[in-house]
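What follows is a set of notes on a single structure, which appears directly below.
Start at 1 and go down the list; that is how both ligands and their atoms are numbered.
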Amino acid sequence: MLQPASLDLLIALRELLGEAHVLTSGDLSAYEQDWRKRTRGQALAVVRPSSTQQVADVVKACAQANVSIVPQGGNTGLVVGGIPDNTGAQVLLSLQRMNTIRAIDADNLALTAEAGCVLQNVQQAAEQSGFLFPLSLGAEGSCTLGGNLATNAGGTQVVRYGNARELCLGLEVVTAQGDVMHSLSGLRKDNTGYDLRHLMIGSEGTLGIITAATMKLYPMPAARLTAWAAVPSVAHAVKLLGLAHQHLGAGVTGFEMMGQFALRLVDKHYPQLRVPLWQDTPYCVLLENSDSESEAHARQRFEHLLELALEDGCVSDAVVAENLSQARNLWHIRESITLAQAEEGLNIKHDISVPISSIPRFVEETDALLTREISGVRLVNFGHLGDGNLHYNVQAPEGCDTQAFLRDHEDRVNALVYQSVKRFKGSISAEHGVGSMKVDSLPHYKDPVALALMQRIKHALDPQGLLNPGRVVR
Ligand code: FAD
Ligand code: 2HG
Ligand code: ZN
């Protein structure tokens with residue numbers, strides 16, 4: 001039975017948005033269940049505003065009723081941060097109808113888009129105007145620009161262009177009080193006080209609701225070449241990264257490493273992708289080289305790099321994609337690891353970063369700890385080596401009951417991995433955020449003064465605790 005106050009709020013929301021955009025019945029799993037299907041919540045209502053003013057009005061109505069709000073974009077987040085809890089008392093605010101590209105300013109190399117724009121649509125809009133919008137990740141067909149900024153998403157081009165944060169010039173945000181902060185300036189320089197844009201980016205919907213953003217564009221490179229290399233060890237992959245930086249300079253736009261078991265899973269679940277070179281090597285690397293001159297220039301520099309790497313022994317074999325379709329297939333293999341892991345069954349994810357120089361020792365020591373502790377454990381190690389960010393995931397031993405594995409081992413596995421991360425001065429969340437999955441671990445691994453400041457900022461901006469409570473900080 002709904003409380004009278006909740007009923008009043010539903011009436012107010014329907015008046016603001018219309019019946020069709022305040023959902024309380026039917027199949028709401030797309031909004032209430034997380035991408036990995038590990039958690040299901042229940043919302044008082046799913047609301048779908050179509051303008052910044054409507055978002056502000058919804059926030060004001062919720063604030064008056066003291067009802068909390070969970071903002072949601074594409075619901076592809078991996079840390080259970082964008083679904084409601086199971087009380088049936090929260091409003092799930094979907095930004096999906098706010099999907100207009102507002103402007104492209106060619107001379108300022110900038111694009112302004114609403115928060116609910118799907119990332120792939122933003123990339124395509126940039127491309128149609130002759131520009132590159134470089135943010136790229138496996139979920140780009142369904143994640144949204146607002147979600148990317150709220151999580152400070154990384155992806156596969158960070159080594160050259162940075163995270164979502166580095167790409168953002170300005171934001172429009174609805175505050176916890178329902179006011180609108182208009183800061184879509186597109187300025188590259190503005191030192192008029194605290195940078196609230198950077199405070200909002202990565203705040204996972206706990207400080208404000210992003211409704212639009214102005215993002216940087218780049219000239220389209222003349223050529224992009226992709227190579228796939230077998231490397232004898234993680235240390236050799238790091239060495240190859242150094243060589244790539246030295247010989248390709250800013251041309252290095254992607255540098256991904258994939259362990260043999262991660263590729264075995266892709267081969268098992270998606271054999272049509274024909275994973276190259278994986279059977280005889282512990283790790284493979286996917287490298288992308290962008291060139292502002294020509295394809296011939298790019299190929300010559302790339303081949304020179306790979307010759308040096310083969311001579312040096314840090315690469316044992318390599319293939320360079322001959323054309324766009326081969327390059328796309330190589331990237332498709334890399335992007336399919338998450339899906340192949342999901343096909344294999346429930347698993348434990350870690351999205352860690354340590355200084356690149358420490359990656360080989362981190363992997364060696366943590367592999368040894370886990371394999372000693374849990375017999376038969378399978379390690380799915382892959383990720384953005386160019387950024388020092390690994391998805392150091394753990395799959396249950398073959399044939400075991402995965403639910404039981406998670407129940408019996410998840411906390412211990414997390415503690416072992418996080419303590420190892422701490423020893424190497426790393427981060428327990430490099431790109432996916434904290435959400436609710438890591439909120440209780442954070443106090444053990446974050447500087448206590450930094451955490452206390454975060455709590456004070458949260459309280460100052462959202463004193464009623466209405467925006468995505470229980471996520472990031474408690
Ligand atoms: P959601 O999942 O809807 O929300 C994520 C968080 O942001 C929640 O806390 C939510 O409350 C908040 N939020 C959403 N929209 C707003 C808004 N407008 N204002 C305020 N808060 C908001 N992530 C990476 O960083 N790099 C990767 O390479 C990567 N690859 C992925 C591959 C796959 C196959 C999948 C499933 C996920 C991957 N992710 C990756 C994780 C995920 O796609 C990103 O975190 C993405 O940025 C989330 O966007 P979204 O629109 O789906 O956000
Ligand atoms: C990626 O880099 C994503 O593919 C997902 O960040 C990582 O599945 C994962 O653990
Ligand atoms: Zn990633």
- line: ligand 1 to N468, heavy atom cutoff 4.0 Å, flagged ligand atoms 9 (O), 11 (O)
message: Tell me whether ligand 2 is touched by Q341 - counting only heavy atoms on the residue side and a distance under 4.0 Å.
response: no
message: Between Y392 and F362, is the ring pair (Phe, Tyr, Trp, His ring centres under 6.0 Å) condition met? List the steps.
response: CA-CA 10 Å; Y392 189 83; F362 167 82; 5.5 Å; yes
- request: Consider every N or O of N152 and every N or O of ligand 1, then say whether any pair is closer than 3.5 Å.
  value: no
- prompt: Less than 3.5 Å between some nitrogen or oxygen of P71 and one of ligand 1, yes or no?
  reply: yes
message: Evaluate L95 for polar contact with ligand 1, using N/O atom pairs at a separation under 3.5 Å.
response: no
- request: Look at the rings of H432 and H391 and say which category their plane angle falls in: under 30° parallel, 30 to 60° tilted, over 60° perpendicular.
  value: parallel
- prompt: Is H384 in contact with ligand 1, taking contact as a heavy-atom separation below 4.0 Å?
  reply: yes
message: Please check whether G154 reaches ligand 1 - meaning an N/O of the residue sits under 3.5 Å from an N/O of the ligand, judged on distance alone.
response: yes
- request: Report yes or no: does a heavy atom of H384 sit under 4.0 Å from some atom of ligand 2?
  value: yes
- prompt: What do you reckon, does E431 put a non-hydrogen atom under 4.0 Å from ligand 2?
  reply: yes
- prompt: Between F133 and Y218, does the ring centre distance come in under 6.0 Å?
  reply: no
task: May I ask you to check whether A150 has an N/O atom sitting below 3.5 Å from an N/O atom of ligand 1?
output: no
message: Tell me the angle that NE2 of H391 and NE2 of H384 form around the Zn ion (ligand 3), rounded to 10°.
response: 100°
- prompt: Which residue owns the protein heavy atom closest to atom 9 (C) of ligand 2, what's the atom, and how far is it?
  reply: K349 NZ, 3.3 Å
message: Below 3.5 Å, N or O to N or O, backbone or side chain included: is there any such pair between G81 and ligand 1?
response: yes
statement: the protein heavy atom lying closest to atom 1 (C) of ligand 2 turns out to be R334 NH2, 3.4 Å
- prompt: Which ligand 1 atoms, with their elements, are less than 4.0 angstrom from a heavy-atom of G82?
  reply: 8 (C), 10 (C), 11 (O)
Q403 and R407, any side-chain heavy atoms less than 4.5 Å apart: no
- prompt: Regarding T76 and S142, is there a side-chain donor-to-acceptor distance under 3.5 Å anywhere?
  reply: no
message: If you take the nearest heavy atom of each of G208, S142, S203, G146, which one is closest to atom 20 (C) of ligand 1?
response: G208
query: Is there a donor-acceptor pair under 3.5 Å between the side chain of N99 and the backbone N or O of V118?
result: no
query: Do any N/O atoms on I210 end up under 3.5 angstrom from N/O atoms on ligand 1?
result: yes
statement: For G205, the atoms of ligand 1 under 4.0 Å from one of its heavy atoms are 20 (C), 21 (N)
- prompt: Which ligand 2 atoms does N393 reach within 4.0 Å, using its non-hydrogen atoms?
  reply: 9 (C), 10 (O)
- line: The protein heavy atom nearest to atom 5 (C) of ligand 1 is T151 CG2, 3.7 Å
message: Using a plain distance cutoff, I'd like to know if Q72 has any nitrogen or oxygen under 3.5 Å from a nitrogen or oxygen of ligand 1.
response: no
- prompt: With a cut-off of 4.0 Å, which atoms of ligand 1 are near a heavy atom of H432?
  reply: 23 (N), 24 (C), 40 (C)
- request: Taking only heavy atoms of A153 into account, list the atoms of ligand 1 that are under 4.0 Å away from them.
  value: 25 (O), 47 (O)
query: Does E335, backbone or side chain, put an N or O under 3.5 Å from an N or O of ligand 2?
result: no
query: What do you reckon, does G435 put a non-hydrogen atom under 4.0 Å from ligand 1?
result: no
task: Within a distance under 4.0 Å of any heavy atom of N75, pick out the atoms of ligand 1 and give their elements.
output: 1 (P), 2 (O), 3 (O), 52 (O)
- prompt: What atoms of ligand 1 come within less than 4.0 Å of a heavy atom belonging to A115?
  reply: 18 (N)
query: Looking only at distance, does T76 have an N or O less than 3.5 Å from an N or O of ligand 1?
result: yes
message: Among L137, V434, V472, T144, which one puts a heavy atom closest to atom 29 (C) of ligand 1?
response: L137
